[in-house]
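What follows is a set of notes on a single structure, which appears directly below.
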2 protein chains.
Amino acid sequence: MVNQQKDTEQKIMDAAKEVFQQKGMTGARMQEIADKAGINKALLHYYYRTKEKLFEKVFNIAFSIFIPRMQEIMLSEKPVFEKIEFFIESYMDLLTKHPYIPGFVINELNRNPQILVNIFEKNIHIKESNLFEKFDAQIQAEVQKGIVKPIDTRNLMTNVIGLIVFPIVARPIIQGIMFDNDKKQYDAFLKQRKDFVKEFIINSIKA
Amino acid sequence: MVNQQKDTEQKIMDAAKEVFQQKGMTGARMQEIADKAGINKALLHYYYRTKEKLFEKVFNIAFSIFIPRMQEIMLSEKPVFEKIEFFIESYMDLLTKHPYIPGFVINELNRNPQILVNIFEKNIHIKESNLFEKFDAQIQAEVQKGIVKPIDTRNLMTNVIGLIVFPIVARPIIQGIMFDNDKKQYDAFLKQRKDFVKEFIINSIKA
DNA sequence: AATTGGTTTAACCATTTGGTCAAATTTAAG
DNA sequence: CTTAAATTTGACCAAATGGTTAAACCAATT
């Protein structure tokens, strides 16, 4: 059955995602992935020859999840404030659905910064479109028009992304220290934070 | 010689720090730590019986580096704005000296959130002094006095810490995407960012 | 029914890895 | 100098781990 193949491959990917994102490349075990996918370990190597290759695929998919939305928002014709608000809203939702990915990406990128280069080589369009420079141009234009305070775009973007991502990757610490390790309370905190961050950012840059 | 012991133990700790912080608990190899310390692998186990125990010690030390300064600043008698500015200044400096620690801590805490509980058990004073509630009280007092905008302390602290830590833990990504992987440029960015973050935060909360 | 091609498995292998042990060496004390 | 205790080492071990292989299985084609 040609469908069985697709199915097995998908089961492997699902299992690999789970294990890799939770334990990292070095902590993951091929046997555990095989078990979780309900197959034999040899079958894993039949589909993805090495652990490295399997990991690379999982990493690429994880990383890719965050790219298209960014492009869509950044390249749209909205004014800066709207873009930022939409960006925050959109990515905080996305992270709620994929909370393990940022930590996973950050961690593995620290282990091996070279991966980024590989990704760029395989997805040239990401760098090609040069999102950053276009957004920077728009901001400086609105600064000229007196809508936005003079600001360095790199600092601003670091702030926006940081405020979104940090509470997710540092969840165990923040939840443990500031929320008595109460999961529900922290979920509520994250939900409530969406509007807070929007206001926080907009307030700080509006002229 | 009683001093040789101290020396060996220190050499082990230095080596262990380096390897664990760069490769994580699962990625680290006892052999590599021994090599880096210039000793036999068996000697490693003589001083720290298991990998787990050695790791725990390294983790505790790493985590502890960030606690005393926080207590000192938070419990001082300064007004909120000064505390925040001093906090940012102080921790950005500290992170420049120990850039690997935050990623290390975040990563290992995701792998095993239980570690935090153990640390609290061994360093009860951290929780006991209840920094958070005292700082919260001070802020609400200054809100009453009309110095600070009404604000949720947890959100504020998450922002402050996030803006400080994020550019460090996500360095490979940000540097790669926004700075053409130019190390010197990114170091300059971090240096310049200190005042930027201070202004950014203060601006957003002053009444 | 026989053949063919992809899929799946059980058994196996080589290497790595955390950990142990008995012997050797060094250090401090009597 | 002798002795006893602490320190250090080389050799070794059992388990875990990524990976391989040959055979079995299964669906579709002739």
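Every chain is numbered from 1, with letters handed out A, B, ... down the list of sequences.
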Would you call [X] and [Y] a salt bridge, taking side-chain N to carboxylate O under 4.0 Å as the test?
X         : Y         : value
Asp93(B)  : Arg69(B)  : no
Asp195(B) : Lys198(B) : yes
Arg193(B) : Asp152(A) : no

Please determine if a side-chain N or O atom of [X] lies less than 4.0 Å away from the OP1 or OP2 oxygen of [N].
X        : N       : answer
Tyr46(A) : dT7(C)  : yes
Thr8(B)  : dT8(D)  : yes
Arg29(B) : dG18(C) : yes

Check: Lys36(B) side chain, Ile12(B) main-chain N or O, donor-acceptor pair, under 3.5 Å: no

Value in whole Å for how far the C1' atom of dC21(C) lies from CG of Asn40(B): 12 Å

d(NE2, His45(B); P, dC12(D)) in whole Å: 18 Å

Sugar-phosphate, base or nothing in reach of Ala28(B), heavy atoms under 4.0 Å: sugar-phosphate

Residue whose nearest DNA chain D nucleotide is more 5′ - Gly38(B) or Lys41(B): Gly38(B)

Check: dG19(C) base within 3.5 Å donor-acceptor of Lys51(B) side chain: no

